[in-house]
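Here the structure comes first, spelled out in structure tokens, and everything after it is commentary.
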Amino acid sequence: MMSSMVLLLVLAQVTDWTAEERRLASTFTPVPAAPKSPTNRFADDPNAAAVGVRLFHDERLSANGKISCAHCHRVEHAFTDQKRVAVGLGTGTRNTMSLLDVAHVRQPFWDGAADSLWMQALEPFEAPLEHGIDRVTVLRKIVEDDPLRQAFTKVFGPLPDVSDHSRFPAATPRAEAPLALREAWSGMKSDDQALVNAAYANVGKAIEAFERTLVAPPAPFDAFAAALASGDDQAAAQAISPAAQRGFRIFLAAGCRNCHSGPRFTDEGFHSNGTPPTAGQRPDPGRWLGHPKVLRSAFRADGIHSDDRASDQARSTASTPRQPDMVGTFRTPTLRHLEHTGPYMHDGSMGSLEEVVRHYNRLDGAMLDHHGEALLQPLGLDEASELDLVAFLRSLSGQIDR
């Protein structure tokens, strides 16, 4: 809990920034260029990205012909949908995460159920509540669209001839898929399964190439932090409101940066946020169930479809065992563009930033003991300080093109 002395200092001091606060400000800006994607050699190929944007918006790649990736990831909402949980063919259980600056994410999904962005891009197609389609049919839709097929093969090479439905039936090995699709997959020759998986992996790699181009604009906080770090207090004072400046100081003093660190305000780790489950729902196991999905996948970073199976990214997957402390943990989301991405938390259970700050400040009804995480402690802020912290969080959002 923040001591009363620290709290009084936070409220009293608005402009006399310490050397340490100036140094810390410099660690939050700017967001660097996207890191390389070693397991996808097409990641920065503009032709691959051009294919990826078409696949991202193609509603035919769904069981009902009405769902695309863009259905939930809408540009006007910072590539979220502003719904409590994602809705595709059915209603999911998790909130849609923003794709802005997603190239920086090491383990996508709330539960880390992918170890690369191209693996993540493949998952929704075969998820029953999302696109509800199978990988062979995805390829067939591409083959049947001459312009798309030509663009795809120009980048990735020939596609298998899936026009022979007896040799290439609608099929997938996904455990949650209908039995008929799984049996059809089992009935295919192993060489044909390999052809399908290799081409399907390239679908994900094309979408990753597009998603890597989704870069968030600078936020008012970036101008503030840069000015503060350089000693230009006048420019800093003009960049964000006094409330947001006070909120930044609270953010530092309260220890929020233990998880929300660096230019993207995330440690890219997994933690319990203490959010109580929705009434009538069991607690979400989080990464406890997500991590094994990576290990089982044919598209993991150290698998045969990876373009660099010896990369750090690939080694990280193979060297991370399933641990009991994964239960109930979720990826730390970025705090950037929060103005556009509510509702919040992995289950979308909090509709406003005020509610989020109140949760972390008071932890009323929070689940604090189901896996032993000790980071969550009540902050002891008064209501005015809560509002200052909200003002700071709002300063992390730039203007989104619509």
Side-chain angles (χ1 to χ4, degrees), residues 1-14 21 24-25 28 77-78 80 82 84 95-98 110 219-222 224-225 239-267 269-278 328-368 373-398:
M1 180 181 295
M2 182 184 295
S3 70
S4 58
M5 180 177 295
V6 171
L7 180 56
L8 288 172
L9 286 173
V10 166
L11 293 176
Q13 299 172 355
V14 176
E21 287 171 331
L24 289 172
F28 291 108
H77 300 320
T80 68
Q82 293 195 335
R84 186 181 68 82
N95 182 256
T96 299
M97 304 188 88
S98 174
W110 280 105
F221 172 83
D222 292 299
F224 163 79
I240 60 176
S241 69
Q245 294 174 49
R246 294 193 299 269
F248 176 58
R249 177 165 277 164
I250 293 169
F251 176 85
L252 297 179
C256 305
R257 59 191 174 90
N258 288 331
C259 297
H260 294 286
S261 56
R264 295 189 62 252
F265 290 87
T266 171
D267 63 358
F270 293 84
H271 302 282
S272 169
N273 56 26
T275 306
T278 303
T329 63
F330 301 89
R331 180 158 65 83
T332 306
T334 177
L335 297 183
R336 288 185 175 269
H337 37 266
L338 288 177
E339 187 82 7
H340 312 286
T341 58
Y344 307 99
M345 302 302 197
H346 66 276
D347 58 357
S349 59
M350 299 188 186
S352 68
L353 290 175
E354 287 81 1
E355 190 174 356
V356 173
V357 169
R358 190 179 309 118
H359 165 75
Y360 283 115
N361 184 34
R362 306 177 189 183
L363 295 179
D364 293 334
M367 298 178 63
L368 301 179
E373 177 125 16
L375 281 175
L376 288 176
Q377 298 292 330
L379 302 179
L381 303 176
D382 62 17
E383 291 187 13
S385 298
E386 287 184 357
L387 293 177
D388 285 346
L389 195 50
V390 169
F392 160 67
L393 294 176
R394 294 190 188 282
S395 77
L396 302 179
S397 298

Which atom pair, heavy atoms only, marks the closest approach of Ser395 to Ile240?
-> CB-CG2, 3.8 Å
Yes or no on side-chain contact (heavy atoms from CB on, under 4.5 Å) for His260 and Thr332, after CA distance, side-chain angles and deciding distance?
-> CA-CA 7 Å; His260 294 286; Thr332 306; 3.4 Å; yes
Separation of Cys256 SG from Leu335 CG (nearest 0.5 Å) = 8.5 Å
In Å and rounded to the nearest 0.5 Å, what is the CH2 to NE2 distance from Trp110 to His346?
-> 8.0 Å
Applying ring pair (Phe, Tyr, Trp, His ring centres under 6.0 Å) to Phe28 and not counting sequence neighbours gives Phe251, Phe265
Nearest heavy-atom pair of Thr341 and Ser98: which atoms, and what distance?
-> CG2-CB, 4.1 Å
Closest heavy-atom pair, Asn258 versus Asp267, reported as atoms and distance to 0.1 Å, is O-OD2, 3.9 Å
Summary of salt bridge (charged side-chain N to carboxylate O under 4.0 Å, His left out) pairs that have at least one residue in residues 334-355, sequence neighbours excluded = Asp222-Arg336, Glu339-Arg394, Glu354-Arg394
At what distance, to the nearest 0.5 angstrom, does CG of Leu24 lie from CZ of Arg249?
-> 11.5 Å
Where is the tightest heavy-atom contact between Met97 and Pro333, given as atom of each residue plus distance?
-> CE-CB, 4.1 Å
With rounding to the nearest 0.5 Å, note down the distance linking OH in Tyr344 to OG in Ser352.
-> 7.5 Å
So how far is it from Cys259 SG to Leu376 CG, rounded to the nearest 0.5 Å?
-> 7.5 Å
Judged by atom type as modelled, is there a donor-acceptor pair below 3.5 Å linking the side chain of Thr334 to the main-chain atoms of Arg264?
-> yes
Minimum heavy-atom distance His340-Gly398, with the two atoms named = NE2-O, 2.9 Å
Could you give the distance from CZ (Phe248) to CG (Asp388), rounded to the nearest 0.5 Å?
-> 14.0 Å
Heavy-atom closest pair, residues Ala391 and Ser241 | CB-OG, 4.5 Å
The side chain to side chain contact (heavy atoms under 4.5 Å, CB included) partner of His359 among Val357, Val356, Asn361, Leu363 is Leu363
Check the pair Asp364 / Arg358 against side-chain contact (heavy atoms from CB on, under 4.5 Å), numbers first and verdict last.
-> CA-CA 9 Å; Asp364 293 334; Arg358 190 179 309 118; 5.9 Å; no
